[in-house]
Amino acid sequence: MFLMRKKKKSAEEQFYGRFQPDILMGAANIKDFISPSIFKELIPGDRNSFGQITNDYYVEIGGAPDAARYFRSFYAALTTGYTHAGMLNGLFSGDFGQADCDVSIHVTPTDSEKILWNLEQRIAQREVAYKEENNPARKQRIIREIQDLQRQHLKIVSGDETIMNTSIQVLASATDLDIFRSFSTMLVKSFAGKGIILRPADGNQLKALINMTPLGSGRISYPFRNAEASNLADWFPFGSGGIKHRNGIIIGEDNHGTLVFFNPWHPSNGNYNIVIFGRSGFGKSFLIKLMVSRLLVTPIYTQAGYKNVRVAVIDPAPEKEYQNLMYSLGFPHIELSSYGEHRINMFDLYDHEEEGKVRVNIEETVKAVRAVVFRMIRSYDCKDEVLSANVKIKIENLIKSLYTVKGITENPNDLYEPMPRTGVEFNLERQKKAMPVLSDLYELMLKDADLNNATEILKIFTKYGGAPANAIFDCQSNVDISQCQAFAICVSDLDEEILRPLGLFIATKWTWEIFGNDSSVLKMIVTDESQLIMDKSVPELSSWLENAFRRSRKKNISMCSSTQGFEVFLRVEQGIGVLKNSTTKILLKQDSVDIEAVQEKFNLSEGEASCTLLFKKGQGIIKVDNDSALVNITHFPREYLMFTSDPNDVVEMLKRGAEKID
């Protein structure tokens, strides 16, 4: 008789060898198949899946092939018996970094008879304390306590109030351990000053995590507190949107159906600038039209009181997106094209107030003109051989000399000259001097042999080039919008490769100069498809736009840039500068290719980033400083008819119009 012993498998054989469970052979069940490879609670001194010794309490879930995720639970202790609507909204928004924040409110009913008995006992105890107390101030405090208890007792007896056992549980989670720790710290600190003390469930982190899932047993072991149903209602996110604006224009509803107000000039805003990013066809232009139309009819609250708003839109879209809007509202739609009558001159100068002084900023206009001229030359200088450092300096000096010849300085009076004298009478009125034009610069450059190559290229864009379509910016301005509350400049008919980006920039700069005259007026300048200005080969264009975003607050201007080319926009450092100088950021549906960059640049949580990939048309996230809200853009039927650019909608409207005529 032989006694056979089963050979004990080594740890390596158990982990790697043929002894592993095989789901096809029935050795493993479905739980083994779907469960994560790591699921454990860590305490200080333990090692995580990366072999790091931890100093915190948390739960680690995941592992290969997916990244591990870290969870830490807290229980909220309220230090006050008073509540207000939306008091936990900061927890629901979780705007402390890139980690996620989940909130669970545990509610269980109570025995009313037991609650009443406890209240009666507490009332009796406080009445005894009142009789024994000799300090008048303390006696008054005890009286108030007795009155509160009696009021609560009466509400329960009459059925007007119900008492619930409640507990608030908060769960922080992230895939990056450093972000996770920082988020947890900021979470606790942010709410400590609001009367909400977040105590970690250390030693029971795994049990607390399970209790936030359907796998939990229901009631948790952490001590509950009694709360009236009316107080309990204040905890839920049924209040206003995630941004703090309570006035301005309505741009939509949040995910709870509450109206979302937006005020670009809100006193709490660091600046008034806006950037809008989203894929084509998901509502960028529609949102801009809605904002523009509502700003024009809604006085906006500022620290100086309610004020009206002036709006300018620079539109490069071939569909002439804003034509119907402007015509419907009764404002001009300016079209820059070779066959149109409208013209603007990039050399135009205007006086404006800076730091309490009225002056003419020649230097800024010289930089803008220089950027346009360099872009014109580079469009035919593929190897970048013409614009040497010496050539650049000479062209800039010639631009400055054009103003010197006309006697124009920083003194506003130098912009004007007396009206021609008629007869023997003196005319005290003044007229503005004729500004330099591009052909004037060309004629000066002809005199310098070092500029021959640059001069030959620039000639193409002047009246001497023989192509009127290219010479559209060699002109005096014949458009006066100084008294218009709103207008749009369309550059869609210009050459797409060269002239359209130039037209977008020139129109924006020209509008900026005119709008900057009066800093007491609220203004918004919208540049659609702003990525066209972010030309990597000509940083002067993007530098001017970045500078406009930096200086706009002093002029009471809200710069609004919209683009579908997120990656293109951020390809140059000036695009990052525009983003940093924009308090308000609106994200519509994003492309999965850009989502990592979007999440990083906008400091989105993982949940917010995932939402941007799933948004439908007209859905987005609006972030104002550290506040954010999901928004569903809402409109009236008549507004939709004015704003839509969907060709199917346009065809349907034309069809209905034809049917009415018949």
Side-chain angles (χ1 to χ4, degrees), residues 245 247-251 261-266 269 271-274 276 285-317 320-336 340-344 348 350-353 358 432 477-491 504 506-528 548 551-562 584 635-636 638-639 641-643:
H245 299 180
N247 53 62
I249 60 172
I250 297 172
I251 62 173
F261 287 86
F262 174 55
N263 179 359
W265 292 271
H266 194 277
N269 290 359
N271 58 60
Y272 314 135
N273 301 327
I274 307 166
I276 303 174
S285 297
F286 191 97
L287 174 59
I288 291 174
K289 294 172 188 175
L290 181 142
M291 290 171 56
V292 167
S293 64
R294 294 183 179 178
L295 282 171
L296 291 174
V297 299
T298 306
I300 298 299
Y301 179 76
T302 68
Q303 290 177 321
Y306 285 92
K307 292 188 175 184
N308 293 327
V309 181
R310 298 182 66 194
V311 180
V313 181
I314 317 299
D315 177 24
K320 299 182 180 179
E321 290 266 10
Y322 300 90
Q323 186 178 51
N324 288 341
L325 174 66
M326 290 297 156
Y327 287 164
S328 299
L329 297 175
F331 297 115
H333 184 263
I334 302 166
E335 297 184 29
L336 300 182
E341 60 179 354
H342 300 134
R343 293 289 184 270
I344 60 176
D348 282 349
Y350 298 88
D351 58 338
H352 56 272
E353 184 179 338
V358 179
K432 196 169 184 180
S477 298
N478 62 2
V479 175
D480 181 11
I481 49 84
S482 58
Q483 302 302 317
C484 291
Q485 185 186 2
F487 63 91
I489 301 179
C490 180
V491 298
L504 181 63
I506 291 171
T508 305
K509 178 262 174 190
W510 185 77
T511 302
W512 166 275
E513 288 290 338
I514 298 175
F515 268 35
N517 290 345
D518 188 354
S519 59
S520 66
V521 178
L522 305 183
K523 290 89 54 178
M524 176 177 284
I525 301 177
V526 179
T527 54
D528 209 348
R551 298 178 56 229
S552 60
R553 188 177 184 277
K554 294 182 179 180
K555 294 176 177 286
N556 245 341
I557 296 177
S558 170
M559 296 292 293
C560 177
S561 281
S562 167
T584 302
H635 54 79
F636 296 107
R638 182 174 177 79
E639 287 180 317
L641 296 178
M642 293 169 57
F643 304 158

Verify, without hydrogens or angle tests, whether [X] (side chain) and [Y] (backbone) share a donor-acceptor contact under 3.5 angstrom.
X    : Y    : result
T527 : I314 : no
D348 : W510 : no
D528 : D315 : no
T298 : L295 : no
N556 : S519 : yes

Please determine, by modelled atom types, if N247 and Y306 share a side-chain donor-acceptor pair under 3.5 angstrom. no
What's the shortest heavy-atom distance between [X] and [Y], and which atoms?
X    : Y    : value
H245 : N269 : NE2-OD1, 3.4 Å
N271 : N273 : OD1-N, 3.1 Å
C484 : R310 : O-NH2, 2.7 Å
I344 : A507 : CD1-CA, 3.8 Å
V292 : M326 : CG1-CE, 4.5 Å
N478 : R343 : OD1-N, 2.8 Å

Heavy atoms, side chains only, cut-off 4.5 Å: are P264 and T584 in contact? no
Any V313 side-chain heavy atom under 4.5 Å of E321 side chain: no
For M291 and V526, run side chain to side chain contact (heavy atoms under 4.5 Å, CB included): C-alpha distance rounded to whole Å, both residues' side-chain angles, the deciding distance at 0.1 Å, then the answer. CA-CA 11 Å; M291 290 171 56; V526 179; over 6 Å; no
Looking at R553, M524, K307, K523, which one forms a side-chain contact (heavy atoms from CB on, under 4.5 Å) with W265? M524
Could you measure the distance from the [atom1] atom of [X] to the [atom2] atom of [Y]? Nearest 0.5 Å is fine.
X    : Y    : atom1 : atom2 : value
I249 : S293 : CD1   : OG    : 8.0 Å
L290 : S285 : CG    : OG    : 12.5 Å
I489 : T508 : CD1   : OG1   : 8.0 Å
I514 : F487 : CD1   : CZ    : 6.5 Å
D351 : K432 : CG    : NZ    : 7.5 Å
F262 : L287 : CZ    : CG    : 9.0 Å

Should the pair Y327 and H333 be assigned to parallel (<30°), tilted (30 to 60°) or perpendicular (>60°) ring geometry? perpendicular
Salt bridge (Lys or Arg N to Asp or Glu O under 4.0 Å) with E513: which residues, sequence neighbours excluded? none
